[in-house]
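Below you'll find the structure, written out as structure tokens, and then a few comments.
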Amino acid sequence: MKYAYEDMSDEQFERLVVIICQHIMGISTQGFAKGPDGGRDAKFIGTAELFPSRSSPWVGTTIIQAKHTNGYNRNCSESDFYNKEKKTNPNTVIGGELLRIKKLKDKGELDNYVLFTNRRLTGNAESEICKTISDYIEVDIASVKIIDINQIELYLKRYPEIMRIAELDPIDSPLIVSPDDLAEVIQAFANQARTLERSITNINIERTTYARKNQLNNMTEAYANELKRRYLKDVNEIESFLSLAENTALRERYELAAEEFCLNIIAKRKDYQTFDHIMNYLSKLLVDREPILRQAKHKRLVNVMLFFMYWSCDIGENEDAKTQ
């Protein structure tokens with residue numbers, strides 16, 4: 001029954017979590033509207049029907065959080081989720097929530113705490129993370145649970161009607177692209193001997209002017225200038241690399257990636273105010289979804305390649321498309 005949880009939006013995952021909790025805790029589980037959640041996405045007040053078990057149910061106010069990632073095969077031991085050395089690091093998922101849920105506990109609005117995630121969780125990581133939360137917010141460790149993707153799958157097998165009730169609509173999903181083709185191009189480009197011509201003085205590409213393209217795509221001047229300052233120097237090298245006869249297959253992979261990105265951006269363009277946002281979102285998404293791209297030497301090249309796609313008019317609106 002494996003579902004593509006990484007392709008859901010945060011809101012879809014939160015809705016799924018609320019419905020699961022209505023089945024295992026009680027129908028009165030209350031979800032909250034999108035916005036600052038104060039450390040909670042949902043809550044249940046009363047005696048849970050089946051959670052953690054029928055024989056020893058939680059009693060009182062249960063705070064429920066849903067932490068979703070668009071990354072492939074992510075786990076709870078990764079440093080962006082939980083940092084063993086800096087447990088309260090606000091840049092991690094757990095560290096960022098501790099202060100918020102501590103405030104709820106201090107105000108008497110939390111007796112139990114459960115976090116759902118579409119990451120995978122090992123037994124050792126579960127024990128350590130739950131103890132960290134328990135110690136910090138001062139509740140019994142039996143009142144803290146982490147529910148990972150494997151447990152979510154078990155709930156959906158036990159209660160198959162949950163997916164029907166959730167009514168997950170692909171139209172509501174976020175802008176999602178596959179990193180596979182671009183990852184292969186970037187890895188090959190990063191491993192090449194840097195002997196290609198880097199001069200940009202003779203760039204002569206027939207395309208919409210950069211200034212006009214930025215207007216068409218609603219990219220802010222400051223962001224466009226920063227992209228150009230940082231990455232324009234790499235344009236000729238990438239073009240030379242992709243033009244080499246021995247790199248024909250890589251050129252085809254690049255074109256497949258650019259086509260996928262372009263069509264998906266068009267389909268989801270209304271969800272983003274500026275193209276700045278799209279570029280940042282794609283960069284983060286690609287790094288999150290592909291371990292190769294998370295390597296330090298490749299992270300910058302993700303931004304370089306996205307800029308090359310934009311500069312070369314392979315993504316984003318262009319003048320000819322507007323005038324035809």
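Positions are given from 1 along the sequence. Predicted model only: the values in this text are computed from it and were never measured.
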task: Answer yes or no: is there a side-chain heavy-atom contact under 4.5 Å between Trp58 and Phe44?
output: no
query: Is the side chain of Asn303 donor-acceptor paired with the backbone N or O of Leu306 at a distance under 3.5 Å, no angle test?
result: no
message: Donor-acceptor pair, distance only, cut-off 3.5 Å: does the side chain of Asn70 make one with the backbone of Glu6?
response: yes
Non-hydrogen side-chain atoms of Ile238 and Phe307 separated by less than 4.5 Å: no
query: Under 4.5 Å between any side-chain heavy atoms of Ile24 and Tyr159, yes or no?
result: yes
Short side-chain to backbone donor-acceptor contact, Asp111 and Thr61, under 3.5 Å: yes
field: Side chains of Ile64 and Asp41 in contact at under 4.5 Å (non-hydrogen atoms)
entry: no
Side chain Ser283, main chain Asn280, donor-acceptor under 3.5 Å: no
task: Name the orientation class of the two ring planes belonging to Tyr210 and Tyr310 (parallel below 30°, tilted from 30 to 60°, perpendicular beyond 60°).
output: perpendicular
message: So, taking the atom named CG in Leu99 and the one named CG in Leu104, what distance separates them when rounded to the nearest 0.5 Å?
response: 10.0 Å
- prompt: Rounded to the nearest 0.5 Å, what separation is found between the CG atom of Leu242 and the OG atom of Ser312?
  reply: 9.0 Å
Over all atoms of both residues, closest heavy-atom pair of Ile292 and Ala183: CG2-O, 4.4 Å
field: Exercise: do Arg15 and Gln12 side chains pair donor with acceptor under 3.5 Å
entry: no
query: When rounded to the nearest 0.5 angstrom, what distance separates CD1 in Ile133 from CG in Leu115?
result: 6.5 Å
- prompt: Of the non-hydrogen atoms in Ser77 and Thr122, which two are nearest, and what is the gap between them?
  reply: OG-OG1, 4.2 Å
task: May I ask you to decide whether Glu97 forms a salt bridge with Lys67, counting only side-chain N to carboxylate O separations under 4.0 Å?
output: yes
message: So does Leu256 get a backbone contact from the side chain of Glu259, meaning a donor-acceptor N/O pair under 3.5 Å?
response: no
message: Within this structure, what is the SG-OH distance for the pair Cys130 and Tyr113, rounded to the nearest 0.5 Å?
response: 10.0 Å
query: For Thr208, does its backbone N or O pair with a side-chain atom of Asn318 as donor and acceptor, under 3.5 Å?
result: no
field: Working for side chain to side chain contact (heavy atoms under 4.5 Å, CB included), residues His23 and Ile165
entry: CA-CA 11 Å; His23 278 70; Ile165 298 171; 3.9 Å; yes
query: Is Arg289 salt-bridged to Asp7, going by a charged N under 4.0 Å from an acidic O?
result: yes
task: Kindly check if the number of other-residue, nucleotide or ligand heavy atoms within 6.0 Å of CD (Glu85) is above 12?
output: no
message: When you compare the side chain of Asn191 with that of Lys297, does any pair of heavy atoms fall below 4.5 Å?
response: yes
message: Donor-acceptor pair, distance only, cut-off 3.5 Å: does the side chain of Arg164 make one with the backbone of Pro160?
response: no
- prompt: Does any non-hydrogen side-chain atom of Leu285 lie less than 4.5 Å from one of Ile176?
  reply: yes
query: Do NZ/NE/NH1/NH2 and the carboxylate oxygens of Asp80 and Arg119 come within less than 4.0 Å?
result: yes
message: Within a 6.0 Å radius of atom CD on Glu221, are there more than 12 heavy atoms belonging to other residues, nucleotides or ligands?
response: no
query: Is Glu109 salt-bridged to Lys103, cutoff N-O under 4.0 Å?
result: no
query: Heavy atoms, side chains only, cut-off 4.5 Å: are Tyr82 and Glu128 in contact?
result: yes
field: Nearest-0.5 Å distance, CD of residue Glu317 to CE of residue Met219
entry: 12.0 Å
- request: Assess whether side chain to side chain contact (heavy atoms under 4.5 Å, CB included) is satisfied between Arg74 and Phe81, documenting all intermediate values.
  value: CA-CA 9 Å; Arg74 304 302 298 271; Phe81 187 83; over 6 Å; no
task: For residues Arg300 and Tyr231, determine if any side-chain heavy atom of one lies less than 4.5 Å from a side-chain heavy atom of the other.
output: yes
message: Between Leu282 and Ile265, does the side chain to side chain contact (heavy atoms under 4.5 Å, CB included) criterion hold? Intermediate values first, please.
response: CA-CA 10 Å; Leu282 284 175; Ile265 288 170; 3.8 Å; yes
message: Under the criterion side chain to side chain contact (heavy atoms under 4.5 Å, CB included), I'd like the reasoning laid out for Asn218 against Arg269: C-alpha separation, chi angles, the key distance, then a yes or no.
response: CA-CA 11 Å; Asn218 193 25; Arg269 184 67 174 87; 3.8 Å; yes
- request: May I ask you to check whether over 12 heavy atoms, not counting those of Lys228, lie within 6.0 Å of atom NZ?
  value: no
- prompt: How long is the span from the OH atom in Tyr72 to the CG atom in Asp288, to the nearest 0.5 Å?
  reply: 12.0 Å
Short N-O contact, Arg251 and Glu239, less than 4.0 angstrom: yes
query: Counting only N and O atoms by type, is there a donor-acceptor contact under 3.5 Å from the side chain of His298 to the main-chain atoms of Arg294?
result: no
- request: Check the surroundings of atom NZ in Lys105: do more than 12 heavy atoms from other residues, nucleotides or ligands lie under 6.0 Å from it?
  value: yes
task: Considering non-hydrogen atoms only, spot the tightest contact between Asp314 and Cys262 and give its length.
output: O-CB, 3.6 Å
